[in-house]
Protein chains: 2
Amino acid sequence: MATIKDIAKAAGVSVTTVSRALNGYNDVNEKTRAKIKSIAEELNYSPNAVARSLVKSKTETIGLLVSELSLSGAKDMFTYEIMCGINDSSSEKGYDLILFSTNSAKQKAKSYSQLCRERQVEGVIMQGIKIDDPYLKEVIDSNIPCVLIDVEIEGENVGFVSTDNVFGAQMAVKHLTNLGHRNIAIMNGHNQAVVSQKRLQGYKKQLEEASIAFQEEYVLNGEFLEEKAEKVAYSFLNEHPEVTAIFCASDLMALGVMNAAKRLGIAVPEELSIVGYDNITLAEYVQPQLSTVEQNKYQIGFKAAKLLIDMLEGNKANRKVILDNQLIIRNTTAEPK
Amino acid sequence: MATIKDIAKAAGVSVTTVSRALNGYNDVNEKTRAKIKSIAEELNYSPNAVARSLVKSKTETIGLLVSELSLSGAKDMFTYEIMCGINDSSSEKGYDLILFSTNSAKQKAKSYSQLCRERQVEGVIMQGIKIDDPYLKEVIDSNIPCVLIDVEIEGENVGFVSTDNVFGAQMAVKHLTNLGHRNIAIMNGHNQAVVSQKRLQGYKKQLEEASIAFQEEYVLNGEFLEEKAEKVAYSFLNEHPEVTAIFCASDLMALGVMNAAKRLGIAVPEELSIVGYDNITLAEYVQPQLSTVEQNKYQIGFKAAKLLIDMLEGNKANRKVILDNQLIIRNTTAEPK
DNA sequence: TTGTACGCGTTATCAA
DNA sequence: TTGATAACGCGTACAA
């Protein structure tokens, strides 16, 4: 492991000169610079980012905090695609990514700001954080720049990237009301996700616009799980034959609902229309193909990293990024009989 | 940002004492330790890992080198699931993960060992590396501990984790020969992947055991891409009606072959049997459900990190980890007519 | 049981 | 254009 010291000795100059030569300062003789550079190459030198970070108080590192980097999310590619976007965006700007994995046990042991300061990350991107996550409160108090995905909190050092979930849900439900459906249920996710609340809002909003009375009992909770949604839908559809359409807050839950319908002998879309949310890969592979609301997950990640880096580098940037989403009509929706 | 200096001043002791007190050395008075600890808490102190790394020459960090953390891999969850395993395993042992994203442009600018030494990672896990990747040669020469996934290279500082691809492929083909198939083609991936070579071996091996002559023209190249496989299969099946089964080196390619068959009006599995490889999520959602060879991707990642950390910590460990895989029979395979 | 002094590899300040 | 020297925050011989 050659250091600038070794180079200095070999070149017969001081470490100061080596440092400046290698970092492209212009107050160094081009001849000595050339000499130093060639020696550096010869010695296979590479700068020690750790030492540099220490003295510059800059690590060029972004922390990635994913609440659950786990297999539970394996069916939808949500986290992965977002990570791809984050990765591309941050590597473009020369930032490295450090993965903070957290589980509740670790959270108890180490606070958010401890985690960040320990590794000296310059900023953090958070994904998959539930609304009651203890770290969330800390984010606001701490002065560490942070970008949240799908959690709409704004502040001096806090921004967020999200899609317009109210509008997305409304679009989905509007598609159903336009087809003539009146008895529309919603299979929502758990309440610890901000998006659940937003999508419920969009659902209600469209019902109102279509002059359909909101019914509390039409709000189901599938907890974003396929199996749970199937179970819930099974008994619900049994008791509510009048319902001709279900809007689901995730594709995974829509899959569950489709299974329930199948088991009950309810034809999709002839007797029951279903709209999902996310447009996961599976959506176009299931039979019938699932109508859904598409979110550009890669873009979410990409923009999140971009926003964070803008914040870090003092560029002015809107701390609130809302991306479009779009309705994709496939074969699980039709006019009611 | 409180440092041990601040604590030392507040506690009226030297930094040495603070350091030792906080790190649990037993040559410090319990009373002073208590005092120091409480002050540390008060000041919301957290140790600076950067400074610590510099002096200890240990970063407790593992580099994760994924050749393509990109959307091309989004359909199969391969990379993601492996990452989950790596993450769980390494965080269990107290190592953090730093994401090295590489593309060919960056590779030209920075060598493998430069990348590693710059960030001072203690070891590296590589996934998705092609056999002709320039970094691969460097791994062997460099003395940085490294674990490769699916590339079988062994050495003092190099280990690998893989599944038994020869056996897996043989199992798949054996399933076909057992059903009575004799004219079996293989849709292989590109040659830059080690697994392609292994799976071809397994294919040949089983043909031999079943006394079936190997035919070069039955070896197709789908480059691990769905579209490419579909295209190749389309013209191949057209010209070779005698072929009753195709073994595919990935599920994604199997999907492509299924599409080709559909377009040609060839019934699966009645007229054509198909076996895939990987058992991606989609495999059980397509119609008919895909028979395939399952790999435990999470385990691959988990064991890879475990092996690397064992190497780092000087524990003796077999540098060669081969995991089992298993045949999953679904509905794309049947006896030939 | 505690403190002094030095070093890790680098950059920054100042003087030459 | 160059070089001493201090500093970043921490750990650790060694001495006290």
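Note on naming: letters A, B, ... go to the chains in the order of the sequence lines (proteins, then strands), and numbering restarts at 1 for each one.
Phosphate proximity of dG11(D) to S19(B): present, with a side-chain N or O under 4.0 Å from OP1 or OP2.
The footprint of chain B on DNA chain C, defined by a heavy-atom cutoff below 4.0 Å, extends from dT1(C) to dG9(C).
Note: CZ (R33(A)) to P (dG3(D)) measures 14 Å, nearest angstrom.
Applying the side-chain contact (heavy atoms from CB on, under 4.5 Å) test to A51(B) and every residue at least two apart in sequence or in another chain returns L54(A), N48(B). In this view, D132(B) and K130(B), Q192(B) satisfy the side-chain contact (heavy atoms from CB on, under 4.5 Å) rule, not counting sequence neighbours. With sequence neighbours left out, E156(A) forms a side-chain contact (heavy atoms from CB on, under 4.5 Å) with no residue at all. In this structure E154(B) satisfies the side-chain hydrogen bond (donor to acceptor under 3.5 Å, both in side chains) test with no other residue, sequence neighbours excluded. In terms of the side-chain contact (heavy atoms from CB on, under 4.5 Å) criterion, residue partners of T163(A) (sequence neighbours excluded) are, by chain and number, N165(A), Q295(A), I300(A), L323(A), N325(A).
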Under 3.5 Å, which donor-acceptor pairs link side chains of residues 309-317 of chain A to any protein atom two or more places apart or in another chain?
{"unit_1": "D310(A)", "atom_1": "OD1", "unit_2": "N315(A)", "atom_2": "ND2", "d": "3.0"}
{"unit_1": "D310(A)", "atom_1": "OD2", "unit_2": "K306(A)", "atom_2": "NZ", "d": "3.2"}
{"unit_1": "E313(A)", "atom_1": "OE2", "unit_2": "Y95(A)", "atom_2": "OH", "d": "3.1"}

Considering only distance and modelled atom types, tabulate donor-acceptor pairs under 3.5 Å from the side chains of residues 2-17 of chain B, sequence neighbours left out.
{"unit_1": "T3(B)", "atom_1": "OG1", "unit_2": "K5(B)", "atom_2": "N", "d": "3.1"}
{"unit_1": "D6(B)", "atom_1": "OD2", "unit_2": "T3(B)", "atom_2": "N", "d": "2.8"}
{"unit_1": "S14(B)", "atom_1": "OG", "unit_2": "T16(B)", "atom_2": "N", "d": "3.4"}
{"unit_1": "S14(B)", "atom_1": "OG", "unit_2": "T17(B)", "atom_2": "N", "d": "3.4"}
{"unit_1": "S14(B)", "atom_1": "OG", "unit_2": "T17(B)", "atom_2": "OG1", "d": "3.2"}

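The rotation axes computed at either terminus of the helix from dT1(C)-dA16(D) to dA16(C)-dT1(D) lie 40° apart, taking five pairs at each end and rounding to 10 degrees.
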Heteroatom pairs (N/O) under 3.5 angstrom, protein to nucleotides 6-9 of chain D:
{"unit_1": "dC8(D)", "atom_1": "O2", "unit_2": "V55(A)", "atom_2": "N", "d": "3.3"}
{"unit_1": "dG9(D)", "atom_1": "N2", "unit_2": "A51(B)", "atom_2": "O", "d": "3.3"}

Each nucleotide N or O in nucleotides 14-16 of chain D that has a protein N or O under 3.5 Å away: list the pair and distance.
none

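Under a cut-off of 6.0 angstrom, the local environment of NZ in K37(A) is sparse, with at most 12 non-hydrogen atoms contributed by other residues, nucleotides or ligands.
Counting any heavy atom pair closer than 4.0 Å across all strands shown, T32(A) reaches sugar-phosphate atoms only and no base atom.
With hydrogens and angles disregarded, no donor-acceptor distance shorter than 3.5 Å links the side chain of T61(B) to the backbone of V121(B). Proximity of a side-chain donor or acceptor of S38(A) to a complementary backbone N or O of K35(A) within less than 3.5 Å is detected. The main-chain N or O of N87(B) is found under 3.5 Å from a side-chain atom of S91(B) such that the two form a donor-acceptor pair. Between the side chain of S90(A) and the backbone N or O of D96(A) there is no donor-acceptor pair closer than 3.5 Å. Counting only distance, with no hydrogens or angles, the side chain of Q114(A) and the backbone of S111(A) share a donor-acceptor pair below 3.5 Å.
Salt-bridge check for K320(B) with E152(B): failed, with every basic side-chain N at 4.0 Å or more from each acidic carboxylate O.
Atom OH of residue Y135(B) and atom OG of residue S142(B) lie 12.0 Å apart, to the nearest 0.5 angstrom.
For DNA chain C, the residues of residues 21-29 of chain B within the heavy-atom distance limit of 4.0 Å (strictly under) are D27(B), V28(B), N29(B), sorted by number.
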